[in-house]
Amino acid sequence: MTENAPHRLYLREDQIPAQWYNLRADMPEKPEPIRLPNGAVATPEDLAPVFCDELVRQELDDDTAYFDIPEPVREMYRIYRPSPLCRAYNLERALGTPAKIYYKFEGNNTSGSHKLNSAIAQAYYAKAQELTGITTETGAGQWGTALAEAADHFGIDLDVFMVKCSYEQKPFRRNIMETFKANVTPSPSDTTAIGRKMLADHPDSTGSLGTAISEAVERALNIPENKGRYTLGSVLNQVVLHQSVIGLESYAAFEELGAYPDVVIGCAGGGSNLGGLIAPFMCDKLRGEKPDTRFVAVEPASCPSLTRGRFAYDFADTGQTCPLAKMYTLGNGFQPSPDHAGGLRYHGMSPIVSKLKHDGYLEAVAVKQTDVFAAAVEFARLETILPAPESAHAIFQAMEEARRCAETGEAKTILFGLTGTGYFDMKAYDAFNRGEMADHEPTDEELAAGFATIPHIEGLQ
């Protein structure tokens, strides 16, 4: 049947998942627990001042396999979901490959990305808890845009700290956030104590997600009457849980096609879209039902946490105000190159994705951004979607896998996540098209400076 697969397969609206899937429930070894700076395991009471109560419950629950999706969240999902599973016929022909290439396209919403899947959930839980304001950080701007849309829908005030270089490179992302009534501040800023310290230490800082997180947490903790909370667009277990809607829809679509992927590929910055896409397929692998399925995380060579980082407990933020997560990390003080054009610029990685990589269930590769943009341009010309730079990492690797199939004659089925569109990334495309885009791979010395900020915890690491 897959030989006649439609170019775009849409599930019915009543096939939108009614529950999120928690991959941790099926992992033979769970991710290490979140810890406080003194090494103690974080409790719900420790996290309650920072995150909404229900999100804390989801964050710490390693055993419940399915969580009901609240009806107000599903109602918002119906505006743009189900998203299509697409067959890249033109790309297959151009590569001369016997492989079948599919992608799950998450760009059909105002934010232009998968981020809305978790933004709606987090804004809903804030409203249900009767909060008045939430805060967040954003790198490329997709998460901030998505959360602005969701917060406005549920009537919640939103402060966004946007990594300074992205704030300057992508003003239209900021304009959309402001359209949805969000307050957007370039980070590091002089509006928080942590921001002022960062500027004092690094006056020319172009910012990092770690710094923006620190500022957002500080702002949340200072909203009057304890009516504010912080929200995060990736990395956390709760976000990977919400993004499982991507994988669940993909799984159902493959069932309708009578097919199953041999390779599942996703870009990796904080890990939420990758974790969400692979979730039900990884479940089959963990249970021994599909042991040969390969899973590949693709990250930028300029911010290579999975391929060159250390598997250790580290702070989630540069200001070292957040709890510690066991993850692949470049160190909370790592500063990605300002030449980096995509949003995959976080120093760490989802504990779930990190644990799967550490235990051998997941592969990781790092790629140069000029190669990534070359793949993005070729894909755009063939498939008529201009991909986000983040998504183009997965496109590059899918093309590499398909080329190998052309050499071996194997007709593998490849699935990758097309997490969003690149129409607000035109400065980066312009730089590539003009031949002005540069590649940067951190030196061992640059990595060592980041690793030096990983904390020592007595009796733990």
Please walk me through it: do Ile134 and Tyr230 pass side-chain contact (heavy atoms from CB on, under 4.5 Å)? CA-CA 6 Å; Ile134 53 178; Tyr230 165 69; over 6 Å; no

Would you indicate whether [X], at its atom [atom1], is surrounded by more than 12 heavy atoms from other residues, nucleotides or ligands within a distance under 6.0 Å?
X      : atom1 : answer
Tyr423 : OH    : yes
Lys30  : NZ    : yes
Glu130 : CD    : no
Glu225 : CD    : no
Lys368 : NZ    : no
Glu29  : CD    : no

Does any N or O in the side chain of [X] come within less than 3.5 Å of the main-chain N or O of [Y], such that one atom is a donor and the other an acceptor?
X      : Y      : answer
Ser354 : Met327 : no
Asn38  : Ala40  : yes
Glu137 : Ser208 : no
Ser391 : Pro387 : no
Ser272 : Ser234 : no
Ser244 : Gly276 : no
Asn22  : Arg24  : yes

Heavy-atom side-chain contact between [X] and [Y] under 4.5 Å:
X      : Y      : value
Thr419 : Ser113 : no
Gln369 : Pro300 : no
Ile385 : Leu418 : yes
Asp284 : Thr293 : no
Tyr346 : Cys303 : no

Quick one: do [X] and [Y] make a salt bridge, cutoff under 4.0 Å?
X      : Y      : result
Arg294 : Asp262 : no
Glu13  : Arg74  : no
Glu106 : Arg81  : yes
Lys285 : Asp26  : no
Arg219 : Asp159 : yes
Arg57  : Asp53  : no

Member of Thr321, Thr135, Ile194 meeting the side-chain contact (heavy atoms from CB on, under 4.5 Å) criterion with Glu218: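 Single side-chain contact (heavy atoms from CB on, under 4.5 Å) partner of Glu218 among Thr321, Thr135, Ile194: Ile194.
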
Using the side-chain contact (heavy atoms from CB on, under 4.5 Å) rule, pick out the option among Leu362, Ile278, Val235 that qualifies with Val353.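 Only match with Val353 under side-chain contact (heavy atoms from CB on, under 4.5 Å): Leu362.
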
Checking Asn226 now: which residues fulfil side-chain hydrogen bond (donor to acceptor under 3.5 Å, both in side chains) with it, not counting sequence neighbours? Arg229

Find the distance between [atom1] ([X]) and [atom2] ([Y]) and round it off to the nearest 0.5 Å.
X      : Y      : atom1 : atom2 : answer
Leu85  : Tyr10  : CG    : OH    : 11.0 Å
Leu55  : Asn237 : CG    : CG    : 11.5 Å
Met162 : Glu215 : CE    : CD    : 14.0 Å
Arg173 : Glu178 : CZ    : CD    : 14.0 Å
Gln142 : Leu147 : CD    : CG    : 13.5 Å
Ile79  : Asn109 : CD1   : CG    : 10.0 Å

Between the side chains of [X] and [Y], does any donor sit under 3.5 Å from an acceptor?
X      : Y      : value
Ser205 : Lys164 : no
Arg35  : Tyr313 : yes
Ser187 : Ser189 : no

When you measure from the centre of the six-membered ring of [Y], is the NZ or CZ of [X] under 6.0 Å away and within 45° of the axis?
X      : Y      : result
Lys326 : Phe311 : yes
Lys290 : Tyr260 : yes
Arg174 : Tyr167 : yes

Evaluation steps, ring-ring contact (aromatic ring centres under 6.0 Å, His included), between Phe334 and Phe451: CA-CA 8 Å; Phe334 178 78; Phe451 293 149; 8.5 Å; no

Given side chain to side chain donor-acceptor pair (under 3.5 Å), test Gln243 with Asn273 step by step and report yes or no. CA-CA 6 Å; Gln243 296 298 352; Asn273 87 84; over 6 Å; no

Residue among Lys115, Gln122, His114, Gln58 satisfying side-chain hydrogen bond (donor to acceptor under 3.5 Å, both in side chains) with His242: Gln58

Those residues that, when tested against Tyr251, pass ring-ring contact (aromatic ring centres under 6.0 Å, His included) (two or more places apart):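 Tyr251: ring-ring contact (aromatic ring centres under 6.0 Å, His included) contacts with Phe281.
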
Those residues at least two apart in sequence (or on a different chain) that pass ring-ring contact (aromatic ring centres under 6.0 Å, His included) with Tyr66 are Tyr21

Could you pull out the closest heavy-atom pair between [X] and [Y], with the gap in Å?
X      : Y      : result
Ile414 : Glu401 : CD1-CB, 3.7 Å
Ile213 : Cys322 : CG2-SG, 3.9 Å
Ala42  : Leu36  : CB-CD2, 4.1 Å

How about Phe416 and Tyr103: are their ring centroids closer than 6.0 Å?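 Centroid distance Phe416-Tyr103: below 6.0 Å, so yes.
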
Apply side-chain contact (heavy atoms from CB on, under 4.5 Å) to His347 and Ser305, showing your working. CA-CA 6 Å; His347 66 268; Ser305 58; over 6 Å; no

